[in-house]
Number of protein chains: 2
Amino acid sequence: MARASVEAERKEQILAAACEVVSEIGFKSLRIADVAKRAGTSTGTVHYYFDTKRDLMHAAFDWNFEQSMGRRREILESDAAPRQRLRDFVESYLPEGDATIAAWHVWAELWVEALHDPDLQELNERVYGEWRRAVAAIIRDGQDAGEFRDGDAVIFANGLIGMIDGLSLQVLLGSRSMTADRMRAVCEQVLEWFFLTP
Amino acid sequence: MARASVEAERKEQILAAACEVVSEIGFKSLRIADVAKRAGTSTGTVHYYFDTKRDLMHAAFDWNFEQSMGRRREILESDAAPRQRLRDFVESYLPEGDATIAAWHVWAELWVEALHDPDLQELNERVYGEWRRAVAAIIRDGQDAGEFRDGDAVIFANGLIGMIDGLSLQVLLGSRSMTADRMRAVCEQVLEWFFLTP
DNA sequence: CGGTCGATTGACTGACCAGTCAATCATTCG
DNA sequence: CGAATGATTGACTGGTCAGTCAATCGACCG
């Protein structure tokens with residue numbers, strides 16, 4: 001059964017292609033034919049692995065998240081000081097560099113699609129939960145170490161993540177008043193207030 | 001030329017209908033026929049006033065913003081204390097109540113559409129600029145009155161607005177962990193840190 | 001070698017919908 | 001009244017595309 005690997009490999013190709021296309025032209029404009037072309041295959045093959053466009057996109061959104069999380073595993077599992085870990089985490093989400101920007105684009109498309117799709121809301125909930133837990137854990141570590149301000153870690157985490165999402169959107173929109181550098185400055189300022197300077 | 005008023009009135013009907021439909025089913029699923037039906041007219045009439053779907057949606061996004069701003073004029077121009085004005089402003093953006101939620105939906109659709117449409121990016125830039133100026137002005141008032149923490153008012157404004165955007169998205173997505181009430185709590189906490197308690 | 005079956009292809013179809021247009025209606029004005 | 005012009009209608013068209021399918025390929029095995 002050497003062919004079992006073909007399925008996984010081909011699916012991965014197609015999902016990566018789907019994410020690239022979504023990031024470049026948006027979900028609304030995406031055609032199965034675009035994905036097939038990008039994946040170097042035919043529309044028939046795309047449909048062989050994913051019954052409907054909706055199935056394909058759900059899988060692609062899921063895959064996009066797994067990839068993003070994978071890229072950050074190192075930071076989250078690092079044993080650096082809480083301050084550094086939180087700084088690294090925030091830095092890694094700044095919409096800079098092709099991979100990060102593309103992942104943000106896909107993520108933004110998911111949000112809007114999810115407004116009218118309970119299954120995607122579920123995916124968002126799961127993913128957002130992972131973020132929140134990861135950030136809250138760092139914050140609790142920092143509080144235990146006396147490095148961070150006291151207060152409800154979950155509220156801090158929600159505020160920080162929300163801010164990152166909102167600012168990233170503006171950066172992605174090419175705002176002249178909110179560039180990645182300016183976003184970095186805002187985030188650093190917020191972290192500064194949050195860190196206790198003994 | 002009594003008929004000049006017809007144009008404005010009909011356009012308004014159509015734009016309002018377009019926003020309702022976008023908010024209910026999303027831009028991607030919106031059909032001109034849906035808008036026509038909602039406005040109580042025909043597809044022909046919609047096309048009589050708006051050449052293309054794109055024209056219609058741009059005008060609708062614009063209209064949605066004007067309406068939102070209109071609903072907040074009272075707060076922004078109030079002569080209440082800066083603390084109260086900032087609280088009222090934040091409160092008015094919580095995704096609660098049909099009108100506010102619908103406006104947020106439309107706004108979210110604009111964001112994603114704008115990722116691939118420079119004209120809409122321009123609209124976002126204009127609108128976001130107005131927000132930022134309004135909030136920064138309140139913050140400066142508060143700082144001058146010695147009620148708010150010192151620091152760059154623009155950075156504060158950007159951070160606060162970004163956070164509101166990001167949190168609102170999660171609320172709109174029906175997140176169990178981010179309800180309007182929880183968002184209110186996060187915002188209040190942030191404002192609390194920001195206000196000086198003499 | 002020839003049979004089996006997973007994988008791949010792309011032409012095709014049926015549904016959908018933005019935008020057009022010829023016809024009709026309504027208001028104004030000479 | 002009866003033209004002229006603005007407003008409205010909805011049937012229709014042309015193009016688009018998701019999903020289907022019959023044909024083909026090619027790896028593996030007996």
Side-chain angles (χ1 to χ4, degrees), chain A residues 1-61 63 106 109-110 112-113 116-117 119-120, chain B residues 1-22 24-61 63 109-110 112-113 116-117 119-120:
Chain A
M1 191 61 82
R3 282 187 262 176
S5 71
V6 172
E7 176 168 343
E9 196 184 330
R10 192 72 68 248
K11 276 193 170 182
E12 184 108 356
Q13 262 176 28
I14 294 171
L15 292 174
C19 287
E20 285 172 31
V21 174
V22 167
S23 142
E24 281 167 25
I25 66 173
F27 189 8
K28 196 171 63 82
S29 314
L30 174 146
R31 317 279 165 242
I32 297 286
D34 299 330
V35 176
K37 192 171 188 184
R38 178 63 63 109
T41 182
S42 66
T43 61
T45 296
V46 173
H47 274 108
Y48 182 76
Y49 289 103
F50 302 94
D51 282 354
T52 64
K53 187 177 172 180
R54 187 164 180 274
D55 287 349
L56 169 63
M57 289 314 303
H58 281 225
F61 286 138
W63 188 81
V106 175
E109 299 278 346
L110 175 142
V112 167
E113 193 58 19
H116 311 285
D117 182 335
D119 289 351
L120 289 179
Chain B
M1 191 61 82
R3 282 187 258 175
S5 71
V6 172
E7 176 169 342
E9 196 183 329
R10 191 73 68 248
K11 275 192 169 181
E12 184 108 357
Q13 262 178 28
I14 295 171
L15 292 174
C19 286
E20 284 171 33
V21 174
V22 167
E24 281 167 25
I25 66 174
F27 188 8
K28 196 171 65 81
S29 314
L30 174 145
R31 318 276 164 245
I32 296 287
D34 300 329
V35 176
K37 193 171 189 183
R38 178 64 62 106
T41 181
S42 66
T43 61
T45 295
V46 173
H47 274 107
Y48 182 76
Y49 289 103
F50 301 94
D51 283 354
T52 66
K53 188 177 171 180
R54 189 164 180 273
D55 287 350
L56 169 63
M57 289 314 304
H58 280 226
F61 285 138
W63 187 81
E109 298 278 347
L110 175 140
V112 168
E113 193 58 19
H116 311 286
D117 182 335
D119 289 353
L120 289 179

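Residue numbering restarts at 1 for every chain, and letters A, B, ... go by the order of the sequence lines. Worth saying up front: this structure is predicted, and the values here are computed from it rather than measured.
For A:K28, the salt bridge (charged side-chain N to carboxylate O under 4.0 Å, His left out) test picks out B:E113, with sequence neighbours left out. Here A:H58 pairs with A:R54, A:D117, A:D119, A:L120 under the side-chain contact (heavy atoms from CB on, under 4.5 Å) rule; sequence neighbours left out.
At the phosphate of D:dT8, OP1 or OP2 sits under 4.0 Å from a side-chain N or O atom of B:R10. Between B:T41 and the phosphate of D:dT9, there is a side-chain N or O to OP1/OP2 separation shorter than 4.0 Å. An OP1 or OP2 oxygen of D:dT8 is reached within less than 4.0 angstrom by no side-chain nitrogen or oxygen of B:Y48. For D:dT8, the OP1/OP2 oxygens have no side-chain nitrogen or oxygen of B:S42 closer than 4.0 Å.
Distance A:R54 CZ to D:dG19 P: 11 Å, rounded to the nearest Å. Here D:dT9 presents its C1' atom at 16 Å from NZ of B:K37, a figure rounded to the nearest Å.
To the nearest 0.5 Å, the span separating CD on B:Q13 from CG on B:L15 amounts to 10.5 Å. From B:F27, atom CZ reaches atom NE2 of A:H116 across 12.0 Å, with rounding to the nearest 0.5 Å.
Taking each heavy atom of B:K53 and B:L30 in turn, the nearest pair found is NZ-O, 3.0 Å. Shown here for A:I14 and A:V46, the closest heavy-atom pair between the two residues is CD1-CA, 4.1 Å. Considering every non-hydrogen atom in both B:C19 and B:A60, the closest pair reads SG-O, 3.5 Å.
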Can you list, pair by pair, the side-chain donor-acceptor contacts under 3.5 Å of residues 33-41 of chain A, counting residues two or more places apart and other chains?
residue, atom, partner, partner atom, Å
A:D34, OD2, A:R31, N, 3.0
A:R38, NH1, A:E20, OE1, 2.6
A:R38, NH1, A:E24, OE2, 3.1
A:R38, NH2, A:E24, OE1, 2.7
A:R38, NH2, A:E24, OE2, 3.4
A:T41, OG1, A:T45, OG1, 3.3

List, with names and distances, any nitrogen or oxygen atoms from the protein found under 3.5 Å away from nitrogen or oxygen atoms belonging to nucleotides 12-15 of chain D.
none

Using nucleotides 13-17 of chain C, report all nitrogen or oxygen pairs with the protein that are shorter than 3.5 Å.
residue, atom, partner, partner atom, Å
C:dC17, OP1, B:R31, NE, 2.1
C:dC17, OP1, B:R31, NH2, 3.1
C:dC17, O5', B:R31, NE, 3.4

Using nucleotides 20-25 of chain C, report all nitrogen or oxygen pairs with the protein that are shorter than 3.5 Å.
none

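Looking at heavy-atom distances under 4.0 Å, B:Y49 makes contact with sugar-phosphate atoms alone, never a base.
Residue A:L56 is tested with A:Y49, A:F61, A:F50 for a side chain to side chain contact (heavy atoms under 4.5 Å, CB included); the sole match is A:F50.
Heavy-atom nearest nucleotides on DNA chain D were determined for A:T52 and for B:V46, and the one closer to the 5' end corresponds to B:V46.
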